[in-house]
Amino acid sequence: MSLASVADIIKGVIPVGEIASVNGWVRTRRDSKAGISFLAIYDGSCFDPIQAVIENTLENYQSDVLSLTAGCSVKITGKVVESMGKGQSFEIQATKVEIYGLVEDPDTYPMSAKRHSIEYLREVAHLRPRTNIIGAVARVRNTLSQAIHRFYNEEGYLWVSTPILTGSDCEGAGEMFRVSTLDFENLPLTDDGKVDFNEDFFGKETFLTVSGQLNAETYACALSKVYTFGPTFRAENSNTTRHLAEFWMVEPEIAFADLADAANLAEKMLKYVFAAVLAERPDDMAFFAQRVDKECITRLENMVERDFVRMDYTDAIEILKNCDKKFDFPVEWGVDLQSEHERYLAEVHVGGPVILQNYPKDIKAFYMRLNDDGKTVAAMDVLAPGIGEIIGGAQREERLDVLDRRMKEMNIEPEDMWWYRDLRRYGTVPHAGFGLGFERLVSYVTGVQNIRDVIPFPRAPRSANF
RNA sequence: UCCCCGAUAGUUCAGUUGGUAGAACGCCGGACUGUUAAUCCGUAUGUCGCUGGUUCGAGUCCAGCUCGGGGAGCCA
């Protein structure tokens, strides 16, 4: 007699004939007047529910079993048997049904066994993990994050926890959320009438981080191979299917490495985690392929097999200028690529993910390494069909004089970056890294198109519920 | 932030030129069946997002607002 997960029984871990108990929730109940009821029980351990067969000779059959509806929580005890019916290999022949909690009004229980729109589910984010689709997303998301940690561990990278609160306002990646303990109704002022942040908790202005990169660089310039995996915050007023105000980012940083090393690492990492999902979550992926995105499995299989295409920005511009497609935004060397351009390159020209490299320096950040041509920097973006930029990275400028010049061009005070500059003053090394948007990865893998559905509780402009 | 679209039963949706509010599924009741969000029959569904306007009369037309979706920008 043991406590089993639904996955244990479905996978045959529990031997036939053994008595086991399962804790879980009812998805459906079907009654047969032959004198039995069938319960589909799920507990999150795998996609499929386990079928429990309940005979009407059970003492609480009339009083309890017949009142079970979708969402009720139960403990089923009984013998694991090979199923007499079609559709499942094993089932549990119940000898005992215990109820933890009933659904107080089945008519208004927000989660019916029938289909719901993904937008509706977002309004009941506290109950949506009970659905097939969000449960599957949660398991794939977990598999991806475990695989990421496993990959970097096997490759000899250290996981570095970079700060979430930061006093550095030139991280440069976007608008920041202010963090303060000041009384907004009664702000302390300096003599010239400005807010006196010396009175604030940290004695200076502080924000939520928009990237762990600069901190990660310090550890890479000592421990050689590191990565961060943590939450990131952007106060941009972005209302799209691929932006969140709070999202998770994976940022590896490698010392003694150049742009090609970073691109190779990105390709190897993506292939590793895609293979992990295919191997570990075939049940959930089959559901996505059936109900969400027909191509999602073959897409991953292809990406594991094929080499990623690498392309220089300059060549991409030529391709876009010479192709038949008319774009809304004109293409010229020096312009930042628009969504329509990136989509064309990934979806039409390459037909798969493409690594774009060596962008004009004027459209990229100050820390990216200036190439010998003096016009471009060693930056790269991994563009995925349907999603766009999934990874953005660069070789970092390790030459102090060039870095200082670039900061001046972009109106960044070198004194504010004194500790970042120290890395270049004391034993500088070439190094490179990138940032992977974790939710974009989950979205790409599952085919679930809106990023708000691949994170449990999405935060976006005017939206911070639950 | 900009452009386009939408909001009607628990859910998914229909609702004609402005004239008494509809279906399916779910719920509930019954029938049937080792059943597979099963099938069949029946009952009950409602602040038509909010506020105002036009009209004899508004779910329908107009304005404002709120919320949601898609696209763009910003980016991961």
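Naming convention: chains lettered A, B, ... in sequence-line order (proteins, then strands); numbering from 1 in each chain.
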Do Asn465(A) and Arg122(A) have side-chain N/O donor and acceptor atoms under 3.5 Å apart? no

May I have the distance from His243(A) (atom NE2) to rA76(B) (atom P), rounded to whole angstrom? 8 Å

Without decimals, in angstroms, what is the distance between Arg291(A) CZ and rA37(B) C1'? 9 Å

Is there a side-chain contact between Tyr420(A) and Met407(A) in this structure, where contact means two heavy atoms from C-beta onward sitting under 4.5 Å apart? no

In whole angstrom, what separates Arg343(A)'s CZ from rG70(B)'s C1'? 12 Å

If you measure from the C1' atom in rA14(B) to the same atom in rA21(B), how many Å do you get, rounded? 11 Å

Under 6.0 Å from the CD atom of Glu340(A), do we count more than 12 heavy atoms belonging to anything else shown? yes

Show me the donor-acceptor pairs within less than 3.5 Å that the side chains of residues 53-60 of chain A make with the rest of the protein, sequence neighbours left out.
residue, atom, partner, partner atom, Å
Glu55(A), OE2, Gln93(A), NE2, 3.4
Asn60(A), ND2, Asp64(A), OD2, 3.1
Asn60(A), ND2, Val97(A), O, 2.9

How far does the P atom of rC50(B) sit from the matching atom of rU60(B), given to the nearest Å? 11 Å

Separation of rC74(B) atom P from Glu340(A) atom CD, nearest Å, is 12 Å

Angle class for the His341(A)/Phe327(A) ring planes (parallel below 30°, perpendicular above 60°, tilted otherwise)? perpendicular

Nearest-nucleotide pick for Arg242(A), side chain only, options being rA37(B), rC74(B), rA76(B): rC74(B)

With a cut-off of less than 4.0 Å, is there a side-chain N or O of Thr241(A) near OP1 or OP2 of rG71(B)? yes

Gap between atoms CG and C1', on Asn239(A) and rC5(B) respectively (whole Å): 15 Å

May I ask you to test the Cys72(A)-Tyr100(A) pair for a side-chain heavy-atom distance under 4.5 Å? no

C1' atoms of rC4(B) and rC75(B), separation to the nearest Å: 23 Å

When the P atoms of rU45(B) and rA9(B) are compared, how many Å lie between them, rounded to an integer? 15 Å

How many Å lie between NE2 on His341(A) and C1' on rG73(B), as a whole number? 14 Å

Results of salt bridge (Lys or Arg N to Asp or Glu O under 4.0 Å) for Arg306(A) - residues two or more places apart only: none

Would you mind telling me which of rA76(B), rC74(B), rG69(B) lies closest to the side-chain atoms of Arg234(A)? rA76(B)

Ring-plane angle category for Tyr157(A) and Tyr152(A), please: parallel below 30°, perpendicular beyond 60°, tilted otherwise. perpendicular

Carboxylate-amine/guanidinium contact Arg343(A) Glu347(A), below 4.0 Å: yes

Only stems of 3 or more consecutive Watson-Crick or G-U pairs count here, both distances under 3.5 Å; name the ones for RNA chain B, or none. B:1-7 with B:66-72, B:10-13 with B:22-25, B:28-31 with B:39-42, B:49-53 with B:61-65

Would one find a side-chain N or O of Gln338(A) under 4.0 angstrom from OP1 or OP2 of rG73(B)? yes

Which listed nucleotide (rA72(B), rG69(B), rA37(B)) is nearest to the side chain of Ser339(A)? rA72(B)

Pairing donors with acceptors under 3.5 angstrom, does anything connect the side chains of Arg27(A) and Asn132(A)? yes

Provide, to the nearest angstrom, the distance between the CD atom belonging to Glu175(A) and the P atom belonging to rG73(B). 18 Å

Atom CD of Gln290(A) to atom P of rA37(B): distance rounded to whole Å? 11 Å

Have a look at Phe438(A) and say if it touches a base, only the backbone sugar-phosphate, or nothing, with a 4.0 Å heavy-atom cut-off. nothing

With P as the reference atom in both, quote the distance from rG53(B) to rG59(B) in angstrom, rounded to an integer. 15 Å

If each of Leu244(A) and Phe329(A) is mapped to the nucleotide of RNA chain B with the nearest heavy atom, which maps nearer the 5' terminus, i.e. the 5' end? Phe329(A)

Asp258(A)/Arg369(A) ion pair, N-O < 4.0 Å: no

In B/S/- notation, 5' to 3', how is nucleotides 46-51 of chain B contacted by protein heavy atoms closer than 4.0 Å? ------

Could you walk me through whether Phe207(A) and Phe233(A) pass ring pair (Phe, Tyr, Trp, His ring centres under 6.0 Å), step by step? CA-CA 9 Å; Phe207(A) 306 89; Phe233(A) 308 87; over 10 Å; no

Could you tell me how far rU51(B) sits from rU8(B) if I compare only their P atoms? Round to whole Å. 16 Å

Tell me, yes or no, whether the heavy-atom count around Trp333(A) atom CH2, taken from other residues, nucleotides or ligands under 6.0 Å, exceeds 12. yes

For Lys268(A), is there an ion pair with Glu155(A) - N to carboxylate O distance below 4.0 angstrom? yes

Distance check, P atoms only: rG49(B) and rC2(B), in whole angstrom units. 25 Å

Spell out yes or no: do the side chain of Ser238(A) and the base of rC75(B) have one donor N/O and one acceptor N/O closer than 3.5 Å? no

Above 12 or not: heavy atoms from other molecules or residues under 6.0 Å from NZ of Lys79(A)? no

In whole Å, what separates the P atom of rG68(B) from that of rA58(B)? 30 Å

Answer yes or no on whether Lys325(A) is positioned over the face of Tyr344(A), meaning its NZ or CZ is under 6.0 Å from the six-membered ring centre and within 45° of the axis. no

B/S/- along nucleotides 23-35 of chain B (protein heavy atoms under 4.0 Å) is --SBSS---BBBB

Taking only nitrogen or oxygen atoms into account, show me every contact under 3.5 Å that the protein makes with nucleotides 64-67 of chain B, one pair per line with its distance.
residue, atom, partner, partner atom, Å
rC67(B), OP1, Arg462(A), NE, 3.4
rC67(B), OP1, Arg462(A), NH2, 3.3

